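Reviewing the structure listed below.
Keep in mind that the numbers below use all heavy atoms, side chains included, and drop hydrogens, waters and symmetry copies. Since the model is a prediction, treat every value here as computed from it, not as a measurement.
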Amino acid sequence: MTITIAPNSAQPLTVNRLGYGTMRLTGPQIWGEPADRPQALEILKTAVASGVNFLDTADYYGDDVTNRLIFEALHPYSTDLVICTKVGATRRPDASWVPFNTPANLRTSIENNLRTLRQEQVQLVHLRLMGHSAVPLEEQLGAMFEMQKEGKIQHVGLSNVSREELETGLRMGEIATVENMYGYAQRTTLHDAHGETRGGEEVLALCEQHGIPLVPFFSLIHGLPKSGDKLAELARQRGVTTAQLNIAWLLHKSPVLLPIPGTSSLAHLRENLAAAAIQLTPEDMAYLG
């Protein structure tokens, strides 16, 4: 199963439809070096050797930890490997997350990604919106499109967006991908003490309408504890894990979904990759709802 990013552009990208999110390769609170660095490097090598050619990263994972791991494990990169990064946020020394999204900030982040990944151009970059930011979306996205014209960015995407924000982005230029939270049990926007984490359900129809791949994040983290009896029961019947069935559900839910389940365990990586082979019937999908 493959999916094409920016199919109408001069440089479309085709990737296999199960990627890998690198966030969990870092230390606690997505900060610092991994507890088992050799295993982290082996996870990246195994994922790519197994056919994964879409990696999701960010220079604020660590800081810079996942980018440096990707470079160490995989450089020189294979020609079909797509490395997707994110900008719009940064980390304080106490590991807190804060906006970093003025035009100057965004340019700094892009330059940092290019330096740590050792690339001349970022293939795909998501502008991650921080709900408590004072910088207007139009100003942030305008800076991204400007760097695209300069050749620093190949394709621009959006992350953590509402339907209205995605519509604004589409009026401004080509939005190649969207990355929102989405999983079997948590499909809509989550409100908590940290603010809003935007759900995929609110933008899925618009993504389908425009042929925009939707990259779900936190699909397992929020999904598993609240997965419900139906997911667990069908997983038991199929002899697979609940996590595997959650991934299979995403792959069957819509052809525009590009799951990126992350893990810091080599064994769990292999389990996640095996989920791509699980076939769900229309009756299964109707039962799961």
Side-chain angles (χ1 to χ4, degrees), residues 1-5 7 13-21 24 47 50-54 56 84 126 157-163 166 175-191 197-263 267-289:
M1 294 182 291
T2 61
I3 190 169
T4 301
I5 296 166
L13 303 171
T14 299
V15 297
N16 293 325
R17 209 169 139 241
L18 188 57
Y20 174 71
R24 295 187 64 192
S50 302
V52 171
N53 60 354
F54 184 89
D56 178 81
C84 170
H126 287 130
L158 289 170
S159 178
N160 201 45
V161 292
S162 66
R163 182 183 175 95
L166 177 53
I175 302 300
T177 47
V178 172
E179 184 171 0
N180 272 24
M181 179 181 64
Y182 197 57
Y184 176 75
Q186 187 64 54
R187 309 182 195 186
T188 57
T189 296
L190 181 68
H191 304 268
T197 304
R198 301 284 175 64
E201 193 72 32
E202 293 98 333
V203 297
L204 179 57
L206 192 57
C207 287
E208 290 175 332
Q209 177 185 339
H210 291 271
I212 300 172
L214 174 59
V215 183
F217 68 80
F218 288 171
S219 59
L220 300 184
I221 292 176
H222 286 287
L224 294 182
K226 303 177 290 184
S227 57
D229 292 338
K230 288 185 176 182
L231 197 71
E233 174 58 24
L234 189 57
R236 185 192 64 78
Q237 293 176 15
R238 291 296 185 87
V240 299
T241 69
T242 309
Q244 286 177 314
L245 195 60
N246 193 29
I247 295 167
W249 178 84
L250 285 168
L251 290 170
H252 286 76
K253 176 66 175 176
S254 170
V256 303
L257 285 172
L258 172 55
I260 52 166
T263 179
H268 287 161
L269 171 71
R270 293 190 172 110
E271 285 184 0
N272 291 345
L273 295 177
I278 298 173
Q279 295 297 315
L280 297 178
T281 66
E283 291 76 19
D284 292 333
M285 293 299 289
Y287 169 75
L288 291 172

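A side chain to side chain contact (heavy atoms under 4.5 Å, CB included) with F54 holds for exactly one of I5, T177, L13, I3; it is I5. Exactly one of R238, K230, Q237 qualifies for a side-chain hydrogen bond (donor to acceptor under 3.5 Å, both in side chains) with D284. That residue is R238.
In this structure the side chain of T197 reaches within 4.5 angstrom of the side chain of N160, judged on heavy atoms. Side-chain contact between R17 and L257: present, with at least one pair of heavy atoms (C-beta onward) separated by less than 4.5 Å. No side-chain heavy atom of V215 sits less than 4.5 Å from a side-chain heavy atom of Y182. For the pair L214/S254, no side-chain contact is recorded, criterion being any heavy-atom separation below 4.5 Å from C-beta on.
Atom CG of L234 and atom CG of D229 lie 12.5 Å apart (nearest 0.5 Å). Here the straight-line distance linking atom NZ of K253 with atom CG of L204 works out to 7.0 Å at 0.5 Å rounding. Between the OG1 atom of T242 and the CG atom of N246 there is a distance of 8.5 Å, given to the nearest 0.5 Å. Going from atom OG1 of T189 over to atom CE of M181 covers 6.5 Å, rounded to the nearest 0.5 Å. Going from atom CD1 of I247 over to atom CG of N272 covers 4.0 Å, rounded to the nearest 0.5 Å. Rounded to the nearest 0.5 Å, atoms CG (L166) and CD (E202) are 11.5 Å apart.
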Quiz item: Stepwise, does the side-chain contact (heavy atoms from CB on, under 4.5 Å) test hold for R24 with H268?
Solution: CA-CA 12 Å; R24 295 187 64 192; H268 287 161; over 6 Å; no
Quiz item: Can you list the steps and then say if I212 with L206 is a side-chain contact (heavy atoms from CB on, under 4.5 Å)?
Solution: CA-CA 8 Å; I212 300 172; L206 192 57; over 6 Å; no
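The minimum heavy-atom distance between L250 and P259, with the atom names listed, is CB-CG, 3.8 Å. Closest approach of A248 and A275 over heavy atoms only: CB-O, 4.0 Å. When all heavy atoms are compared, the tightest approach of L273 to S50 is CD1-CB, 3.6 Å. Taking both residues in full, the closest heavy atoms of G211 and P7 are given as O-CD, 4.4 Å, listed atom of the first, atom of the second, then distance. Shown here for I175 and G157, the closest heavy-atom pair between the two residues is CG2-CA, 4.3 Å. Closest of all the heavy-atom pairs between L18 and P261 is CD1-CD, 3.7 Å.
Distance alone, capped at 3.5 Å, is enough to place a donor-acceptor pair between the N180 side chain and the G199 backbone. The backbone N or O of E179 lies less than 3.5 Å from a partner atom in the side chain of S159, making a donor-acceptor pair. The main-chain N or O of V15 is never found under 3.5 Å from a side-chain atom of N53 such that the two would form a donor-acceptor pair. A distance-only check finds a donor-acceptor pair linking the side chain of Q244 to the backbone of T241 [under 3.5 Å]. Without hydrogens or angle criteria, Q186 side chain to T188 main chain gives a donor-acceptor distance under 3.5 Å.
By the 30° and 60° cut-offs, the orientation of the rings of W249 relative to Y184 is perpendicular.
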